[in-house]
Amino acid sequence: MRVVVVGAGVGGLGAAVRLAGAGADVVVLEAGERVGGKLGLAAAEGHVFDTGPSLLTMPFTIADTLAAAGVDLADRLELLPVEPLCRYVWPDGSGLDTHADAERTAQAVAAFEPGADVRWRDLVEQGRRTWELSLPLFLSEPFGSPLDLARRSGTPVDPRDILAHVTLDRFAARHFDDPRLRQLVERYATYAGADPARAPATMAVIPYAESAFGAWHPRGGMHRVAEVLRDVAVEQGAEVRTGCRVARVLVRDGRAVGVETAAGERIDADCVIANCDAATLYGDLLDAPKQARAVRSAPASLSGFMLMLGVEGRTEDLAHHTIFFPRDYRAEFADVFDDPQPPHDPTIYVCNPAATDPSCAPPGDESWFVLVNAPRHGPVDWDAEADRYQEHVLDRLDALGLRARERARVVLRRTPADLERLTGAPGGAIYGTASMGPRAAFLRPRNASPAARGLYLASGSAHPGGGLPLVLLSGKIAADLALSECA
């Protein structure tokens, strides 16, 4: 069986590892000059920056992918535990650390509100129930409609079991009175690029997943995940080409039969796996107006404005992951989704991997990845806004006491416009469509494309969703479909 994979992001590489490990003839075609997709990399003057996912959870998804090729994760990646998992700081000066140990987090939240520890344990327990229902029935299998869940489980699935009936902000309000603890829970919506006032409370599964599977950093940086997947795919016989853009997917008699590159080369295949954004697949690579309209009509996820700062010296009390909340969290999401504009008072996320892995920076220094939520490019002209907003974010960092301007020896940035150019994600939307509304999870593009037989989707814009672990699961689903339907 010959398979062409369009894109060398994590989903495409994961599918390639599984397919090549099963004996398929695999060719991976990547438009960019390096593999990884949104799992990007920047480097300057000894500073190394991950420009995409910055925390590894659910490492079993990587382990299972490598195991499909007979490779042990421990032989390829050294995973370092991240402790604390995240440090949260509010404008009043209060702060709270969360931990992979859920009991330690419960004790931390108890300092903010009497009985909050009990309610945190309840939240994690609800997350466990949602997770144990979702993983076998939904996250690990191809999906078409809510009826699929009922068929697999044998009984109708109660939306309350997967928290799809209530928004995340209302779920947070049911558990906590203190607005800071509500913000803590609401932030999980951004893991799926969504607004907590519109995201289903299914996102509350994240605290359980973090406690059950831990929080990790691969030594050397998150980009090492993509490099390892590429290496194992090649070892299994796959061909990985970079700098090779696919211009269209070839379809004959309703079936995908290969691709044509921008250079005019035709590559025949028994099936095609698309690791590009679903909007790109259906809008640019195929004549699929119905599917293109469906993707365009779904709400797009948020994007991000990023600064990479090579900072002199070490920073006391700056954890591996630190979140600085604004005074008005709702106003931030209004700026992102309702009246698109660069948020005036954004939540600021600072990833400081040198707190765990000093190899990411010159000795004694730090490499900060600074991210703020941002609307997509298009509604906002980020090429025009970039310089002004960079200064605004640096002002905010200095107001937090981090002395970013004084200490930064390297300053790099990526706007939503840059993300669009570098990754092909329309508007720089990080997660494709946003998980907003009770049926959001059911509306993502299917892994088995209805536009052509033998065409499969493996990306964060397709089922089961965005984020490194789910993208690896998307790659697994696509590879399994290809092996069962095309071999």
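The figures here come from the full heavy-atom set of this structure, side chains too, leaving out hydrogens, waters and symmetry mates.
- Here CD1 of Ile62 is found 11.5 Å from CH2 of Trp216. Values are rounded to the nearest 0.5 Å.
- Classification of Arg224 and Asp357 as a salt-bridged pair fails, no side-chain N sitting under 4.0 Å from a carboxylate O.
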For this session: Take Val370 and Leu309 through the side chain to side chain contact (heavy atoms under 4.5 Å, CB included) test and state the conclusion after the steps.
Result: CA-CA 8 Å; Val370 181; Leu309 305 179; 4.2 Å; yes
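- Smallest separation of non-hydrogen atoms from Val471 and Ser459: CG2-C, 4.3 Å.
- Salt-bridge annotation for Arg128 and Glu125: present, with a side-chain N of the basic residue lying under 4.0 Å from a carboxylate O of the acidic one.
- Residues Cys486 and Tyr456 meet the side-chain proximity criterion, which asks for heavy atoms closer than 4.5 Å.
- Contact of the Asp50 side chain with the Pro353 side chain is not registered, since no non-hydrogen atoms from C-beta on lie closer than 4.5 Å.
- Checked by atom type and distance alone, the side chain of Asp418 pairs as donor or acceptor with a backbone atom of Thr415 at under 3.5 Å.
- Ring geometry for Trp131 versus Tyr208: interplanar angle of 30 to 60°, hence tilted.
- A distance of 11.0 Å separates CG of Asp101 from CG of Leu85, quoted to the nearest 0.5 Å.
- Put simply, CD1 on Ile477 and CZ on Arg18 are 10.0 Å apart, with the number rounded to the nearest 0.5 Å.
- The minimum heavy-atom distance linking Arg413 with Leu307 is given by the pair CB-CD2, 3.5 Å.
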Using atom types as modelled, flag every donor-acceptor pair under 3.5 Å from a side chain in residues 284-293 to any protein atom, sequence neighbours excluded.
none

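- By the 4.5 Å heavy-atom criterion applied to side chains, Asp268 and Arg2 are not counted as neighbours.
- Under a cut-off of 6.0 angstrom, the local environment of CG in Asp253 is sparse, with at most 12 non-hydrogen atoms contributed by other residues, nucleotides or ligands.
- Glu385 places no side-chain N or O within 3.5 Å of a backbone atom of Val380 that could act as its donor or acceptor partner.
- Interatomic distance, Leu412 CG to Gln390 CD, rounded to the nearest 0.5 Å: 9.5 Å.
- Residues Pro343 and Pro375 have side chains in contact (heavy-atom distance under 4.5 Å, counting atoms from C-beta outward).
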Problem set entry | Trace of the side chain to side chain contact (heavy atoms under 4.5 Å, CB included) decision for Val6 with Leu29 | CA-CA 5 Å; Val6 181; Leu29 305 178; 5.8 Å; no
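- Electrostatic pairing of Asp338 and Arg198 counts as a salt bridge here, judged by a charged N lying under 4.0 Å from a carboxylate O.
- A donor-acceptor contact shorter than 3.5 Å links the side chain of His377 to the backbone of Trp382.
- Residue-environment remark: CZ (Arg330) exceeds the threshold of 12 foreign heavy atoms within 6.0 Å.
- A distance-only check finds no donor-acceptor pair linking the side chain of Ser301 to the backbone of Gly193 [under 3.5 Å].
- Between the Thr423 side chain and the Gly37 main chain, no donor and acceptor come within less than 3.5 Å of each other.
- Side-chain contact between Ile267 and Arg241 is present, with at least one heavy-atom pair separated by less than 4.5 Å.
- No donor-acceptor distance shorter than 3.5 angstrom exists from the side chain of Ser367 to the backbone of His47, with no hydrogens or angles considered.
- Side chain of His223 to backbone of Ala42: no donor-acceptor contact under 3.5 angstrom is found.
- Scanning all heavy atoms of the two residues, the minimum distance from Arg444 to Ala462 falls at CD-O, 3.7 Å.
- Side-chain contact between Val71 and Thr65 is absent, with no heavy-atom pair separated by less than 4.5 Å.
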Problem set entry | Leu56 vs Phe213, side chain to side chain contact (heavy atoms under 4.5 Å, CB included): CA-CA, chis, key distance, verdict | CA-CA 10 Å; Leu56 177 59; Phe213 306 113; over 6 Å; no
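- Pro346 is not listed as a side-chain neighbour of Asn373, based on a closest heavy-atom distance of 4.5 Å or more.
- The minimum heavy-atom distance linking Pro445 with Ala278 is given by the pair CG-CB, 3.6 Å.
- Within the model, atoms CG of Leu483 and SG of Cys271 stand 8.0 Å from one another, a figure rounded to the nearest 0.5 Å.
- For Thr61, the side chain to side chain contact (heavy atoms under 4.5 Å, CB included) partners at least two apart in sequence or on another chain are Met58, Pro469, Leu472, Leu473.
- Under 4.0 Å is where a charged nitrogen must lie from a carboxylate oxygen, and between Arg76 and Asp72 no such pair does.
- Donor-acceptor pairing under 3.5 Å is recorded for the side chains of Tyr349 and Ser54.
- The OH atom of Tyr329 sits 11.0 Å away from the CG atom of Asp169 when rounded to the nearest 0.5 Å.
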Problem set entry | Cys360 and His217: CA distance, side-chain angles, deciding distance, side chain to side chain contact (heavy atoms under 4.5 Å, CB included) verdict | CA-CA 11 Å; Cys360 296; His217 171 85; 4.0 Å; yes
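- With contacts defined as side-chain heavy-atom distances shorter than 4.5 Å, the pair His99/Glu83 qualifies.
- Side-chain atoms of Thr356 and His320 form a donor-acceptor pair, as typed in the model, at a separation below 3.5 Å.
- Contact record, Leu123 with Ala204: CD2-O, 4.1 Å, taken as the closest heavy-atom pair.
- Judged by distance alone, the side chain of Asn275 and the main-chain N or O of Ala458 form a donor-acceptor pair under 3.5 Å.
- Between Pro426 and Asp277 the shortest heavy-atom distance is CD-CG, 3.5 Å.
- Side-chain atoms of Ser303 come within 3.5 Å of backbone N or O of Gly428 as a donor-acceptor pair.
- Panel note: side chain Asn447, backbone Leu457; a donor-acceptor pair is recorded below 3.5 Å.
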